[in-house]
Amino acid sequence: QSQGNREGTEPCRHPERLFWTSIGVLQGIQMLSVQPDTKPKGCAGCNRKIKDRYLLKALDKYWHEDCLKCACCDCRLGEVGSTLYTKANLILCRRDYLRLFGVTGNCAACSKLIPAFEMVMRAKENVYHLDCFACQLCNQRFCVGDKFFLKNNMILCQTDYEEGLIKEGYAPQVR
């Protein structure tokens, strides 16, 4: 019976990322300018001195931009964001971390599997595929600012919610 305000939940603009996952460590990546008057630092990836204009600092170590890569997809982590994930002695990008260690769950509307890295919508403790987040009576999709209602764990648009209350003999609450 609780009412939700849909602010920030339009599927094409503000979906959440599902983040059911086992514990791993999220680390920050800093890009630093190499000062010409400092002793060159050693790269944690290749063990050579860093003589480039920039270097990366991550995991309390220094790296060439080309050497700090995801162990799975080989993407340059300094280019894909300011974070990396470590688990099981692997350095990973977010997508590969979730693919390898994320836990999947089921959509509250269709009960089908939601992969750990997929964009989702949430309403209280329920998680939905983007396409499943619609009124479960009339299939109306919601837009930013629309109200939705949860009644008996069903997502309802305002019209269907109010019609249900009238049928049950209750007047809808006006806010």
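Only heavy atoms go into these numbers, but all of them, side chains included; no hydrogens, no water, no symmetry mates.
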Pairs under 3.5 angstrom only: tabulate donor-acceptor contacts from the side chains of residues 52-64 to other protein residues two or more places apart or in another chain.
| from | atom 1 | to | atom 2 | distance (Å) |
| --- | --- | --- | --- | --- |
| Trp63 | NE1 | Ala58 | O | 3.0 |
| His64 | NE2 | Lys49 | O | 3.4 |

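We find the CG-CG distance between Leu90 and Leu100 to be 7.5 Å, quoted to the nearest 0.5 Å. Note that the CG atom of Leu137 and the OG1 atom of Thr159 stand 11.0 Å from one another [nearest 0.5 Å]. Taken from SG in Cys72 to CD1 in Ile91, the straight-line distance is 11.5 Å, to the nearest 0.5 Å. The SG atom of Cys43 sits 9.5 Å away from atom CG of Asp66, with the distance rounded to the nearest 0.5 Å. Between the CG atom in Asn106 and the OH atom in Tyr128 there is a gap of 13.0 Å [rounded to 0.5 Å]. Here the CZ-CE distance, from Phe142 to Met121, works out to 9.5 Å after rounding to the nearest 0.5 Å.
Hydrophobic clustering (side-chain heavy atoms under 4.5 Å, transitive across Ile, Leu, Val, Met, Phe, Trp, Tyr) keeps Leu113 apart from Leu130.
Taking the side chain to side chain contact (heavy atoms under 4.5 Å, CB included) definition, one finds that Lys112 meets it with Cys110, His129, sequence neighbours left out. Applying the side chain to side chain donor-acceptor pair (under 3.5 Å) criterion to Asp96, with sequence neighbours excluded, gives Arg99. With sequence neighbours excluded, the residues forming a side chain to side chain donor-acceptor pair (under 3.5 Å) with Gln158 are Glu162, listed by chain and number. With sequence neighbours left out, the side chain to side chain donor-acceptor pair (under 3.5 Å) criterion links Glu163 to no other residue. With sequence neighbours left out, the side chain to side chain contact (heavy atoms under 4.5 Å, CB included) criterion links Glu79 to Arg76.
Here the shortest heavy-atom pairing between Asn126 and Ala108 reads CB-CB, 3.7 Å. Across all non-hydrogen atoms, the minimal contact from Ile29 to Thr83 is CD1-O, 3.6 Å. The minimum heavy-atom distance between Pro40 and Ile50, with the atom names listed, is CB-O, 3.8 Å. Across all their heavy atoms, Cys93 and Cys70 have their closest contact at N-SG, 3.4 Å.
Ionic pairing of Arg141 and Asp131 is present here: one or more N-O contacts between side-chain nitrogen and carboxylate oxygen are shorter than 4.0 angstrom.
Under the 4.5 Å side-chain criterion, counting only non-hydrogen atoms from C-beta, Leu92 is not in contact with Leu84.
Ring geometry for Phe148 against Phe133 counts as perpendicular: the plane angle is over 60°, on a 0 to 90° scale with 30° as the lower cut. Using cut-offs of 30° and 60° on the angle between ring planes, the pair Tyr97 and Tyr85 is parallel.
Exactly one residue among Gln140, Lys151, Lys147 makes a side-chain contact (heavy atoms from CB on, under 4.5 Å) with Leu156. That residue is Lys151.
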